[in-house]
Structure formats: C-alpha cells, structure tokens
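Note that the coordinates shown come from a computational prediction; the quantities given were computed from them, not determined experimentally.
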Amino acid sequence: MRRKDNEKDRDFAFEVIDKCSYATLSMSLPDGKPYAVPISVARSGNALYFHCAKEGAKLDAMRKNPYVCVVCVGSTRELATRFTMAYESAVVFGKAGEIYDDAEKIFALRMLSERYTPLNMPDFDKAIEKNLAQASVWRIEIDEITGKCNDVKERE
C-alpha cells in the first residue's frame, strides 16, 4: 500500500466487509481478460460467501482460475473544500470454491438472507426447501486482506 498513513488493520477491514452494501468480485476470464461483477457478501471468520446462478462467465472464470480479488467500500463522504473524499475500504485476495455440502450452503444462504433481507426470514425455511437445489453458493477463503481509510475533514 502506497499511503501507509491510510492503512488500517485486519479488524478494520473485516468491519468494512461486514457493513458494505455490496462488494466487487474481480477475476480472470478463461481467455485471460479481466472481469468484475458486483456481489452481495456475508462473512464468517476468514471466509466470504456469496450466491449466484449455476452458469455464466463468473463461474467459468472461477472454475478455470479460482484466485480472486474482492473490493468492499464502506462509508464515503464528499468533501466540498478538498480535492479528495473521505472513505473506507477493504481489499481481499483469496481462493474461491463452490460449496456442495447442503448444510454449509444453508448456513451461507441464511447469513446472506439475514444481512440483506431480514424481514423475509420467517419464509427462509420454505424458500430453502423449494430452491436449494438451484442455488450455487461459493466461499472465498481469505489469503490476504488490507483495510484503508481516508478520514480527512473539511477545511474550515
């Protein structure tokens, strides 16, 4: 990291992940081109979980090369009196793998649902019973993580 004065610890980076609205998953397509997509994430310990369709460019990319980068942005604030922004972010490097164990899939889907659709939780078990076979759930084991924060204030 170039700006060491903005670097934050691992716990800070985890906090950013846990509160970000979405994350951006970056990978390499099988032909070598870069590819990035927004995803909804939930974290448990040193792992990120997300779900997606069972087919598509993202899955082709991760099956060919499971090494990915995930970027999460937490709070941001525009500053009227400076040529910068206040922000916080986390960058994760890790290895993605599809989950085939139903218990772990349900665990991940429950975390995602509690985070993004908490009002729908009374219907969770019914939805799982109907849709679990169609869900593709992935885990990213975090190999490296960095946190960054520019908490600069407005000029007076």
Side-chain angles (χ1 to χ4, degrees), residues 1-4 6-76 85 87-150:
M1 182 176 304
R2 185 181 61 81
R3 292 282 312 264
K4 292 292 185 185
N6 290 343
E7 186 174 13
K8 298 295 182 185
D9 65 16
R10 182 179 186 89
D11 289 337
F12 177 88
F14 282 151
E15 288 175 19
V16 172
I17 291 169
D18 294 342
K19 72 179 181 180
C20 71
S21 297
Y22 67 94
T24 302
L25 173 67
S26 299
M27 65 217 92
S28 296
L29 291 172
D31 65 4
K33 291 179 185 169
Y35 185 62
V37 293
I39 58 172
S40 301
V41 295
R43 183 183 66 85
S44 178
N46 202 50
L48 299 180
Y49 290 93
F50 67 95
H51 73 88
C52 56
K54 287 199 165 246
E55 295 179 19
K58 174 173 49 196
L59 300 186
D60 294 343
M62 290 185 298
R63 286 178 178 138
K64 172 112 172 130
N65 179 0
Y67 294 97
V68 298
C69 178
V70 179
V71 176
C72 302
V73 176
S75 300
T76 62
M85 285 186 68
Y87 65 88
E88 54 189 23
S89 63
V91 177
V92 167
F93 292 94
K95 187 175 182 181
E98 190 167 8
I99 309 259
Y100 296 102
D101 175 71
D102 283 351
E104 188 174 6
K105 283 175 72 170
I106 293 169
F107 169 78
L109 291 168
R110 183 178 303 279
M111 282 194 317
L112 287 160
S113 297
E114 287 171 345
R115 178 169 182 190
Y116 292 100
T117 59
L119 298 178
N120 291 336
M121 290 311 293
D123 296 324
F124 179 80
D125 292 333
K126 186 174 19 172
I128 286 296
E129 185 177 312
K130 181 179 177 185
N131 298 307
L132 185 62
Q134 290 80 35
S136 179
V137 179
W138 288 70
R139 176 183 57 240
I140 299 168
E141 290 295 332
I142 299 172
D143 294 330
E144 296 177 45
I145 184 169
T146 56
K148 190 173 179 182
C149 178
N150 182 9

Visitor: Taking side chain as C-beta onward, heavy atoms only, is Ile39 less than 4.5 Å from Leu48?
Guide: no
Visitor: Are there over 12 heavy-atom neighbours, none belonging to Tyr116, within less than 6.0 Å of that residue's OH?
Guide: yes
Visitor: Could you please spell out the steps behind the side-chain contact (heavy atoms from CB on, under 4.5 Å) verdict for Asp125 and Arg110?
Guide: CA-CA 9 Å; Asp125 292 333; Arg110 183 178 303 279; 3.4 Å; yes
Visitor: Given 3.5 Å as the limit, does a donor-acceptor pair link the side chain of Arg10 with the main chain of Ile145, or not?
Guide: no
Visitor: What distance do Ser26 atom OG and Tyr35 atom OH have between them, rounded to the nearest 0.5 Å?
Guide: 11.0 Å
Visitor: If the test is side chain to side chain donor-acceptor pair (under 3.5 Å), which one of Arg63, Arg139, Lys54 qualifies with Glu98?
Guide: Arg63
Visitor: If you count every heavy atom of other residues, nucleotides or ligands that lies below 6.0 Å from Glu55 atom CD, does the total exceed 12?
Guide: no
Visitor: For the residue pair Asn46 and Ile142, what are the closest heavy atoms and their distance?
Guide: ND2-O, 2.8 Å
Visitor: Could you report the tightest heavy-atom contact between Val41 and Leu112, atom names first, then the distance?
Guide: C-CD2, 3.6 Å
Visitor: Going by heavy atoms in the side chains, are Ile106 and Phe124 under 4.5 Å from each other?
Guide: yes
Visitor: How long is the straight-line distance from OG of Ser40 back to NE2 of His51, given to the nearest 0.5 Å?
Guide: 6.0 Å
Visitor: Are Asn120 and Ser113 packed together at the side-chain level, in the sense that at least one heavy-atom pair is separated by less than 4.5 angstrom?
Guide: no
Visitor: With a 3.5 Å distance limit and no angle check, can you tell me whether Lys105 reaches the backbone of Ala135 through a side-chain donor-acceptor pair?
Guide: yes
Visitor: With rounding to the nearest 0.5 Å, note down the distance linking CZ in Arg43 to CD1 in Ile140.
Guide: 13.5 Å
Visitor: Whether the side chain of Arg115 engages the backbone of Thr117 through a donor-acceptor N/O pair (distance < 3.5 Å, no angle test) should be reported.
Guide: no
Visitor: I'd like to know whether NZ of Lys19 has more than 12 heavy-atom contacts from other residues, nucleotides or ligands below 6.0 angstrom.
Guide: yes
Visitor: Which heavy atom of Pro38 sits nearest to which heavy atom of Tyr22, and what is that distance?
Guide: CB-CD1, 3.9 Å
Visitor: Taking the inter-plane angle between the rings of Phe107 and Tyr49 on a 0 to 90° scale, is it parallel (under 30°), tilted (30 to 60°) or perpendicular (over 60°)?
Guide: perpendicular
Visitor: Which value, rounded to the nearest 0.5 Å, describes the distance between Ile99 atom CD1 and Glu104 atom CD?
Guide: 3.5 Å
Visitor: Check whether any side-chain heavy atom of Phe50 sits under 4.5 Å from a side-chain heavy atom of Lys58, and report yes or no.
Guide: yes
Visitor: Quick one: closest heavy-atom pair of Ala13 and Ala90, and the distance?
Guide: O-CB, 3.6 Å
Visitor: Show your working on side-chain contact (heavy atoms from CB on, under 4.5 Å) between Val37 and Met27 and close with a plain yes or no.
Guide: CA-CA 9 Å; Val37 293; Met27 65 217 92; 4.2 Å; yes
Visitor: Heavy atoms only: give me the nearest Ser89-Phe12 pair and the separation to one decimal.
Guide: O-CE2, 4.3 Å
Visitor: Restricting to non-hydrogen atoms, name the atom on Ala53 and the atom on Ser136 that form the minimum distance, rounded to 0.1 Å.
Guide: O-CB, 3.4 Å
